[in-house]
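One structure is given below, encoded as structure tokens.
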Amino acid sequence: MSLWEYANPKKFLATSERLLPFFWISSAVCLVVGLIWGFFFTPDDFRQGSTVKIIYLHVPSALMAINAWLMMLVTSLIWIVRRHHVSALAAKAAAPVGIVMTLIALATGAIWGQPMWGTWWAWDPRLTSFLILFLFYLGYVALWEAIENPDTAADLTAVLCLVGSVFALLSRYAVLFWNQGLHQGATLSLDKEENIADVFYFPLLVCIAGFVLLFIALVLYRTGTEIRARRIKAIQARERVEA
């Protein structure tokens, strides 16, 4: 079997319908377990107090906001190179999910930052690049809606996705590029010594798994919806021509 078989809309729909129950259920289990574990069964931090528990929403949503755009980049490149409509529709389907993830990350970051930094917002390199990424998300969705021809819209949004990927990377690595700024370094690292304490680390991993599974479920569901909507438009256009 080839991965490109799933570029066939019928094959994609049949497969996604089989997989969706697993992703819905597993994401719900991980989110419930991770959030309850993190909020109610971990201690307060010795410096940040109970505000540290915002980490169980802030870090997973921020990771998914960045990785959602990178997923859109990959599917946009597939559209440019292979002209598979499912890949373009998958990118379109992921954008609103990415917007929500970015909003959650910005809101929880502000709530977390106010007691820690004494301000709701600072023009910190990572915060600023994250805000710009959010604006790119909005522009991406608006561009899809503004162009009537779906192939032209897919082409132009793919180009926009390539440009916006710069800010997705900056959002992830801004702290490494610039030393100034209030935002701390990475919460999770391949270096065990740089990670947070295990008592916070393990429930955070469960929450991240829940966000990842939820993102996959939402993108599969929304991609299927986009495929069906395109079919309906094609049928309506054919009926108008025949009439």
Side-chain angles (χ1 to χ4, degrees), residues 1-42 53-76 78-79 84-108 133-134 137-138 140-141 144-145 157 161 168 187-188 200-233:
M1 293 182 64
S2 170
L3 179 64
W4 303 116
E5 291 182 20
Y6 298 98
N8 181 294
K10 185 176 181 180
K11 177 76 171 180
F12 178 88
L13 287 172
T15 304
S16 63
E17 286 174 359
R18 291 197 302 269
L19 293 176
L20 270 172
F22 164 76
F23 285 113
W24 287 127
I25 294 171
S26 57
S27 64
V29 170
C30 286
L31 287 173
V32 169
V33 171
L35 292 175
I36 291 177
W37 184 2
F39 280 115
F40 299 105
F41 295 97
T42 58
K53 298 184 181 184
I54 301 174
I55 195 173
Y56 301 113
L57 288 174
H58 179 69
V59 170
S61 60
L63 286 174
M64 292 316 304
I66 297 168
N67 287 301
W69 191 275
L70 295 181
M71 171 260 171
M72 291 162 56
L73 171 64
V74 172
T75 51
S76 295
I78 293 173
W79 163 253
H84 290 320
H85 287 91
V86 170
S87 63
L89 294 178
K92 181 182 180 183
V97 183
I99 288 176
V100 174
M101 293 294 180
T102 309
L103 277 175
I104 294 173
L106 288 170
T108 54
L133 176 62
F134 174 67
Y137 267 120
L138 294 180
Y140 182 92
V141 172
W144 264 108
E145 296 299 324
T157 53
C161 195
T187 300
L188 301 177
F200 303 112
Y201 179 75
F202 293 114
L204 178 57
L205 290 182
V206 177
C207 289
I208 291 173
F211 270 75
V212 171
L213 292 166
L214 178 61
F215 173 75
I216 295 172
L218 288 171
V219 170
L220 287 176
Y221 180 79
R222 285 185 48 79
T223 303
T225 301
E226 292 291 343
I227 292 172
R228 293 183 179 93
R230 176 167 290 199
R231 284 181 174 177
I232 292 171
K233 289 180 180 179

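Just so we're clear, the structure is a prediction, and the values are computed from it rather than from any experiment.
Residues meeting the side chain to side chain donor-acceptor pair (under 3.5 Å) test with Ser27, sequence neighbours left out: none. Applying the side chain to side chain contact (heavy atoms under 4.5 Å, CB included) test to Val32 and every residue at least two apart in sequence or in another chain returns Ile36. For Leu103, the side chain to side chain contact (heavy atoms under 4.5 Å, CB included) criterion is met by Ile99, Phe134, not counting sequence neighbours. Not counting sequence neighbours, the partners of Thr157 by the side chain to side chain donor-acceptor pair (under 3.5 Å) test are Trp144. Residues passing the side chain to side chain contact (heavy atoms under 4.5 Å, CB included) test with Ile104, sequence neighbours excluded: Ser61, Val100, Thr108. Legend: residues meeting side chain to side chain donor-acceptor pair (under 3.5 Å) with Arg228, ordered by chain and number and at least two apart, are Glu17.
Side-chain contact between Phe40 and Leu35 is absent, with no heavy atoms from C-beta onward closer than 4.5 Å. Between Pro9 and Arg231 the shortest side-chain heavy-atom distance falls below 4.5 Å.
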Show me the side-chain donor-acceptor pairs of residues 204-219 shorter than 3.5 Å, one per line, residues at least two apart or across chains.
none

Show me, pair by pair, the donor-acceptor contacts under 3.5 angstrom made by side chains of residues 66-75, not counting sequence neighbours?
from  : atom 1 : to     : atom 2 : distance (Å)
Asn67 : ND2    : Leu63  : O      : 2.8
Trp69 : NE1    : Cys161 : O      : 3.0
Trp69 : NE1    : Ser165 : OG     : 3.3
Thr75 : OG1    : Met71  : O      : 3.0
Thr75 : OG1    : Met72  : O      : 3.1

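Between Leu13 and Gly224, the shortest heavy-atom distance links the atoms CD2-CA, 3.5 Å. Closest non-hydrogen pair, Pro203 versus Tyr56, comes out as CG-OH, 3.7 Å.
Applying the side-chain hydrogen bond (donor to acceptor under 3.5 Å, both in side chains) definition to pairs two or more places apart or across chains, none involves residues 29-42. Pairs of residues two or more places apart, or lying in two chains, never qualify as salt bridge (charged side-chain N to carboxylate O under 4.0 Å, His left out) while including a residue from residues 55-64. The side-chain hydrogen bond (donor to acceptor under 3.5 Å, both in side chains) pairs that include a residue from residues 89-100 are Lys92-Glu226, where partners are two or more places apart or lie in different chains. Legend: salt bridge (charged side-chain N to carboxylate O under 4.0 Å, His left out) pairs involving residues 57-69, not counting sequence neighbours: none detected.
Interatomic distance, Phe12 CZ to Ile227 CD1, rounded to the nearest 0.5 Å: 5.0 Å. Interatomic distance, CG of Leu106 versus NE2 of His58, reported as 8.5 Å (0.5 Å rounding). In this structure, CE on Met101 lies 10.5 Å from CG on Leu57, to the nearest 0.5 angstrom. Interatomic distance, CG of Leu138 versus CG of Leu133, reported as 10.0 Å (0.5 Å rounding).
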**Message:** For a side chain to side chain contact (heavy atoms under 4.5 Å, CB included) check, start with the C-alpha distance between Phe200 and Ile55, then their side-chain angles and the critical distance, and finish with the verdict.
**Reply:** CA-CA 9 Å; Phe200 303 112; Ile55 195 173; 5.6 Å; no
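The only member of Leu89, Asn8, Ile78 that meets side chain to side chain contact (heavy atoms under 4.5 Å, CB included) when paired with His84 is Ile78.
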